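Because the structure is a prediction, the values reported are computed rather than measured.
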Amino acid sequence: YIINQKLNFIKYLKIDHEVICLLEDRLGQIWIGTAGNGLYVFNPITGIIRNIGLSQGLAGSFVDGLFEDSRHQIWIGTYSDIMLKGGINLIDEKATTIKYLSSGPEFNQKFVVGFLEDRQGQIWTSVYKGGVDIINPISGTFTQLTYKQGLISNNVLPLLEDSLYRIWIGTGNGLDMVDTKASTVTNFSVNEGLPDNSIVSLKTKDNKIFALTTKGLTILTPTVSNLNQWQLTTYGKNRGFQDFYTQEFFSWATKNGKFWWGMGDHITLMQMPKKDTTPPFAYITAIDIMRQPQYFLAERRVQTLLQKTDT
């Protein structure tokens with residue numbers, strides 16, 4: 001469905017098979033990935049919708065990821081089974097070509113579910129049960145990052161780059177932070193304070209990392225003294241987050257700083273948490289006169305007030 005709020009109408013688009021992912025490119029075209037019938041590309045100006053499938057050169061009919069890079073190329077992650085060849089498809093609309101990329105025969109049997117372009121122009125792909133492939137789009141070479149190179153798990157889902165160019169990788173067994181400059185990988189799991197090891201979404205704002213797990217949201221805040229040390233704050237059921245055990249999921253960050261998380265049959269909306277700057281209450285309980293303490297209240301009452309203030 002397409003909703004036009006200005007003209008107050010809803011348009012229905014008939015798409016064969018289940019819709020898995022969506023992308024709006026720089027021209028305003030809507031790319032629609034399906035489970036079984038490849039891609040649909042909708043032009044909202046002309047109203048024309050076209051299909052890109054196996055007969056047009058797409059490697060697989062199950063589309064699990066869509067991404068447009070800074071060169072305006074469309075990256076498509078497809079699923080493969082015994083009969084189909086999956087992997088990564090690269091579409092250059094100017095040249096009207098579809099290029100197939102693969103790191104090897106074993107790559108054909110993996111899910112490519114996410115893409116990220118770093119500040120150097122490299123494309124990071126999250127491969128379900130296959131770790132991460134870092135692709136140089138110019139040379140077409142692959143660099144693999146897996147459990148052997150320090151990842152906490154090969155079951156990789158969301159990817160994120162922070163303001164210091166570090167790459168955050170959400171997995172089914174915890175969270176990884178890759179510092180390419182220092183050539184280090186830092187792991188986070190329930191042992192470091194996560195409520196659960198299954199990371200389903202990653203967002204960033206004001207140098208903070210928002211990691212959504214199946215049992216709540218954890219906000220990782222760098223300490224003032226060391227940007228490589230983190231304070232973890234978790235919001236669970238007591239703050240409105242439900243347990244998430246479904247694959248039907250979306251996440252969104254609005255321009256005004258709100259976060260939307262949709263999972264199954266409910267949506268969680270969160271305003272950016274604000275630090276409590278309210279000054280604590282001050283109690284004058286005693287003074288010293290000539291080095292002799294003079295209490296205004298009974299000493300037992302003083303201790304009670306101090307205990308309340310400390311908490």
Side-chain angles (χ1 to χ4, degrees), residues 59-60 62 64-65 67 69 75-82 84-90 99-162 164-202 204 209 211-214 218 220 222 227-230 232 247:
F62 291 79
D64 296 298
F67 176 73
D69 66 18
W75 295 72
I76 305 161
T78 56
Y79 163 70
S80 62
D81 56 22
I82 297 176
L84 299 175
K85 181 174 68 173
I88 298 174
N89 308 260
L90 186 60
K99 185 179 180 180
Y100 175 72
L101 301 177
S102 175
S103 61
E106 72 284 352
F107 192 85
N108 299 344
Q109 299 300 320
K110 298 176 181 177
F111 285 96
V112 179
V113 295
F115 297 91
L116 169 73
E117 184 175 10
D118 66 20
R119 306 299 173 90
Q120 296 177 341
Q122 298 183 114
I123 304 298
W124 295 60
T125 66
S126 54
V127 183
Y128 182 67
K129 295 185 178 180
V132 173
D133 280 309
I134 307 169
I135 305 171
N136 185 318
I138 298 176
S139 64
T141 57
F142 283 68
T143 301
Q144 198 170 39
L145 188 61
T146 67
Y147 182 82
K148 294 179 180 179
Q149 287 77 39
L151 292 187
I152 201 167
S153 171
N154 283 344
N155 183 6
V156 175
L157 292 171
L159 299 170
L160 174 74
E161 184 178 32
D162 67 19
L164 296 179
Y165 312 143
R166 297 170 299 196
I167 306 297
W168 294 77
I169 302 171
T171 79
N173 199 38
L175 178 64
D176 296 309
M177 183 188 71
V178 179
D179 189 333
T180 55
K181 292 183 179 179
S183 299
T184 60
V185 179
T186 303
N187 307 130
F188 299 87
S189 67
V190 292
N191 296 328
E192 285 71 40
L194 293 178
D196 187 69
N197 283 334
S198 296
I199 311 296
V200 295
S201 171
L202 290 172
T204 182
I209 305 299
L212 184 66
T213 75
T214 56
T218 294
L220 295 91
L227 294 178
N228 288 316
Q229 292 181 352
W230 301 84
L232 277 65
Q247 294 181 351

Report the C-alpha distance between L175 and T218 in whole Å, list the side-chain angles of each, state the deciding distance to 0.1 Å, and finish with yes or no for side-chain contact (heavy atoms from CB on, under 4.5 Å).
CA-CA 11 Å; L175 178 64; T218 294; over 6 Å; no

Among side-chain atoms of D162 and T204, is any donor-acceptor pair under 3.5 angstrom?
no

Closest approach of E117 and E161, non-hydrogen atoms and distance?
O-OE1, 3.9 Å

Closest non-hydrogen atom pair between L202 and G170, with its separation
CD1-N, 3.6 Å

If you compare all heavy atoms of S198 against all heavy atoms of G172, which two are closest, and at what distance to 0.1 Å?
OG-O, 3.7 Å

Below 4.5 Å, heavy atoms only, C-beta onward: do I88 and F115 meet side chain to side chain?
yes

Gap between atom CG of L220 and atom CD of Q229 - 0.5 Å precision:
13.0 Å

Starting at CD1 of I123, measure out to CG of L116 and round the result to the nearest 0.5 Å.
7.5 Å

Using a 4.5 Å cut-off on heavy atoms from C-beta on, say whether the side chain of V112 contacts that of W75.
no

Gap separating the CG atom of N197 from the OG1 atom of T213, nearest 0.5 angstrom:
8.5 Å

With a 4.5 Å heavy-atom cut-off, do Q120 and Y165 have their side chains touching?
no

Given side chains that start at C-beta, do those of L101 and F142 come closer than 4.5 Å, heavy atoms only?
yes

Measure the NZ-OG1 distance between K129 and T146 for me, rounded to the nearest 0.5 Å.
15.5 Å

Run the side-chain donor-acceptor check on residues 177-186: report pairs under 3.5 Å with partners two or more places apart or on a different chain.
| unit_1 | atom_1 | unit_2 | atom_2 | d |
| --- | --- | --- | --- | --- |
| D179 | OD1 | K181 | N | 3.1 |
| D179 | OD1 | A182 | N | 3.1 |

So, D69 side chain and G121 main chain: donor-acceptor pair closer than 3.5 Å or not?
no

Measure across T78 and A59 and return the closest heavy-atom pair with its distance rounded to 0.1 Å.
OG1-CB, 4.2 Å

Closest heavy-atom contact between S201 and P158?
N-CG, 3.9 Å

For a ring-ring contact (aromatic ring centres under 6.0 Å, His included) check, start with the C-alpha distance between W168 and F188, then their side-chain angles and the critical distance, and finish with the verdict.
CA-CA 11 Å; W168 294 77; F188 299 87; 5.7 Å; yes

If I compare all heavy atoms of Q122 with all of P137, which pair ends up nearest, and what's the gap?
CA-CD, 4.3 Å

State, with a plain yes or no, whether a side-chain heavy atom of L151 is found less than 4.5 Å away from one of I169.
yes

Less than 4.5 Å apart, any side-chain heavy atom of S189 and any of N173?
no

Taking atom OG of S126 and atom CG of N154, what is their separation to the nearest 0.5 Å?
12.5 Å

For the residue pair L157 and V113, establish whether any side-chain heavy-atom pair is separated by less than 4.5 Å.
yes

CD1 of I199 to CG of L160, rounded to nearest 0.5 Å, is 12.0 Å

Are V156 and D176 packed together at the side-chain level, in the sense that at least one heavy-atom pair is separated by less than 4.5 angstrom?
no

